[in-house]
Amino acid sequence: MSFSPPPGDPTLHSALGGLLVGLVVSVWLFGVYCLQVYAYATAGYQTRDGWWIVGLVWGIFGLEIFHTAEIVCSVYQVLVVNYGHLEVLIDLPMSMRVSTIPLDLMAISIQMFFASRIRTLSKSNLIPGVISVLALARLVFSFGTIIQSIRISPVSKFFDEWGWAPYGMVSVGCVSDITIAVSMSWYLQQSKGVLKRTTEVLNKLILIALEVGIFTMLLGIALLTTMVTMRDTSIWPGIFFVYAKSYSNSLMVSLNARQSLRGQLHVDHTQNFGLSDSTRPSINVFRPTTREVIGVDSLHLTVPSDLIRSLGSSDTIHSPSSPPNDDKKL
């Protein structure tokens, strides 16, 4: 069976290419996300993190499954059910329109999680308050986008009448993402002390915060740009598929990073300070205080306290001579 696009209708490349590539990348990122959830579960964090963090992880997991199923059904409907009917490609299937729901629920929940981490670091409600206001604005734009995209067809008419709603939704998300990245980096930078290994860990935390925030922001900018300039193609829906996965992966990257950072902070004090096994101290660098000063003979080291706590639960680092009790929170 051969066919050619009717005059004025999109070509196969612009109508199908973006959807197919976006679906492949999105499903691949979903697989990466599932591996991260498995790593989180097997690392024992469920018994150490607060109930709300565990609930957030599994709630996002459920939304991810729902979102992935929706976009797979959407592409199947376009490529299989409507095969040979290019005239229907000027519109979006209903399953693709409602996929905005899990995206925004995930994005707002994860942004509020990072806002709580910023509050832990800064001991201030200013930046978290700004992020909360942005999240509320995004929720308003999301409601307008979801309701009107379901009601209005085709999609070109929706953009003509209600285009400001998805534009505002994505724009607010970009502002929130970069605010989170810059704020976390700033407060982590201010927490640096003189302990070399702690500084190295802080540098890694700053890098993670910047990578996660900038990645989601760049995807948001790409999505906004293509919605405005190429709204009659499938380029922006393809980016939209990937955009959703960036939030869930950013959450799991931040939570799972604690395992390697904890290992780096497990300092051998004999090597660093020439102490015998009997004099190796047990160091708690994650108690919920602002800073701690640790005395080693005549040497005093200032260690940031909310280091890993800024990403999740509070942790305790012990020396090799005093291993932690397996029943205690790590």
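Note that these values count all heavy atoms, side chains included, but never hydrogens, waters or copies made by symmetry.
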Counting C-beta onward and ignoring hydrogens, is there a side-chain heavy-atom pair between Val57 and Met252 closer than 4.5 Å? yes
Can you tell if the side chain of Phe30 reaches within under 4.5 Å of the side chain of Ile65, non-hydrogen atoms only? yes
OG of Ser183 to CD1 of Ile131, rounded to nearest 0.5 Å, is 5.5 Å
Looking at Phe114 and Ser250, what are the two nearest heavy atoms and their distance? CZ-O, 4.0 Å
Hits for side chain to side chain contact (heavy atoms under 4.5 Å, CB included) against Ile221, two or more places apart or cross-chain, chain-then-number order -> Cys174, Met217, Thr225
How would you list, by chain and number, every residue that makes a side chain to side chain contact (heavy atoms under 4.5 Å, CB included) with Val140, sequence neighbours excluded? none
Contacts satisfying salt bridge (Lys or Arg N to Asp or Glu O under 4.0 Å) that involve residues 209-231 (not counting sequence neighbours) are Asp160-Arg231
Given Val172, which partner from the list Leu134, Leu136, Asp177 fulfils the side chain to side chain contact (heavy atoms under 4.5 Å, CB included) test? Leu134
First locate atom CD1 of Ile206, then atom OH of Tyr187, and finally report the distance between them rounded to the nearest 0.5 Å. 13.5 Å
When you look at Phe113 and Trp52, which way does the side chain to side chain contact (heavy atoms under 4.5 Å, CB included) test go after all the steps? CA-CA 10 Å; Phe113 165 79; Trp52 71 275; 3.6 Å; yes
Going by ring pair (Phe, Tyr, Trp, His ring centres under 6.0 Å), name the residues that satisfy it together with Tyr40, two or more places apart in sequence or in a different chain. Tyr45
Least distance between heavy atoms, Ile152 atom then Arg97 atom: O-NH1, 3.0 Å
What residues form a ring pair (Phe, Tyr, Trp, His ring centres under 6.0 Å) with Trp186, not counting sequence neighbours? none
CG on Asn125 to CZ on Arg119, rounded to 0.5 Å: 4.5 Å
May I ask whether Leu79 and Val24 are part of the same hydrophobic cluster, defined by side-chain heavy atoms of I, L, V, M, F, W, Y residues being less than 4.5 angstrom apart, directly or through others? no
Counting heavy atoms not belonging to Trp58, are there more than 12 under 6.0 Å from its CH2? yes
Test: salt bridge (Lys or Arg N to Asp or Glu O under 4.0 Å). Region: residues 133-154. Which pairs qualify, not counting sequence neighbours? Asp104-Arg138
With a 4.5 Å cut-off on side-chain heavy atoms, are Leu56 and Leu251 touching? yes
Between Leu105 and Ile150, is there shared hydrophobic-cluster membership here, with clusters defined by ILVMFWY side-chain heavy atoms closer than 4.5 Å? yes
I want to check something: taking the side chain as every heavy atom from C-beta on, are Phe241 and Leu19 in contact at a cut-off of under 4.5 Å? yes
Shortest non-hydrogen contact from Pro128 toward Ala115: CG-O, 3.5 Å
Ring pair (Phe, Tyr, Trp, His ring centres under 6.0 Å) filter on Tyr247, not counting sequence neighbours, yields Tyr243
Applying ring pair (Phe, Tyr, Trp, His ring centres under 6.0 Å), name anything that partners Trp164, two or more places apart in sequence or on another chain. Trp162
How does the hydrophobic cluster around Phe143 look, that is, which other residues are in it when side-chain heavy atoms under 4.5 Å mark a link? Ile108, Met112, Leu139
With clusters defined by side-chain heavy atoms of hydrophobic residues (ILVMFWY) lying less than 4.5 Å apart, directly or transitively, does Leu35 cluster with Leu29? no
Looking at Ile71 and Ser26, what are the two nearest heavy atoms and their distance? CD1-OG, 3.3 Å
When rounded to the nearest 0.5 angstrom, what distance separates OG1 in Thr216 from CD1 in Ile180? 7.5 Å
Heavy-atom closest pair (Ala181 atom, Ala209 atom, distance to 0.1 Å) is CB-O, 3.6 Å
Is there side-chain contact between Arg117 and Leu121, with at least one heavy-atom pair below 4.5 Å? no
Among residues two or more places apart or on two chains, list those pairs meeting salt bridge (Lys or Arg N to Asp or Glu O under 4.0 Å) that have a residue in residues 58-67. Glu64-Lys245
Please name all residues satisfying side chain to side chain donor-acceptor pair (under 3.5 Å) with Ser74, sequence neighbours left out, ordered by chain then number. Ser95
Between Leu223 and Thr226 the two heavy atoms that sit nearest each other are O-OG1, 3.0 Å
Would you say Ile127 and Ser122 make side-chain contact, with heavy atoms under 4.5 Å? no
With the 4.5 Å side-chain cut-off for hydrophobic clustering, are Leu63 and Val32 part of the same group? yes
I'd like to know if the side chain of Ser99 reaches the main chain of Met96, judged simply by a donor and an acceptor atom lying under 3.5 Å from each other, with no hydrogens or angles considered. yes
From Ile60 CD1 over to Asn249 CG, what is the distance, rounded to the nearest 0.5 angstrom? 11.5 Å
Please step through side chain to side chain contact (heavy atoms under 4.5 Å, CB included) for the pair Phe215 and Leu210, ending with a clear verdict. CA-CA 8 Å; Phe215 179 65; Leu210 288 174; over 6 Å; no
Kindly compute the distance separating CD1 (Ile239) from CG (Leu219), expressed to the nearest 0.5 Å. 7.5 Å
Verify, without hydrogens or angle tests, whether Gln36 (side chain) and Val253 (backbone) share a donor-acceptor contact under 3.5 angstrom. yes
As a quick check of understanding, evaluate side chain to side chain contact (heavy atoms under 4.5 Å, CB included) for Thr145 and Phe158, giving each step before the final call. CA-CA 9 Å; Thr145 300; Phe158 163 74; 4.1 Å; yes
Non-hydrogen side-chain atoms of Ser149 and Thr100 separated by less than 4.5 Å: no
Is there a path of hydrophobic side-chain contacts, each under 4.5 Å between heavy atoms of I/L/V/M/F/W/Y residues, joining Val133 to Met184? no
Given 3.5 Å as the limit, does a donor-acceptor pair link the side chain of Ser109 with the main chain of Met106, or not? no
Sequence neighbours left out, what passes side chain to side chain donor-acceptor pair (under 3.5 Å) with Asn256? Give chain and number order. none
Just so I know, are the side chains of Phe61 and Cys34 near enough to count as touching, which here means a heavy-atom distance under 4.5 Å? yes
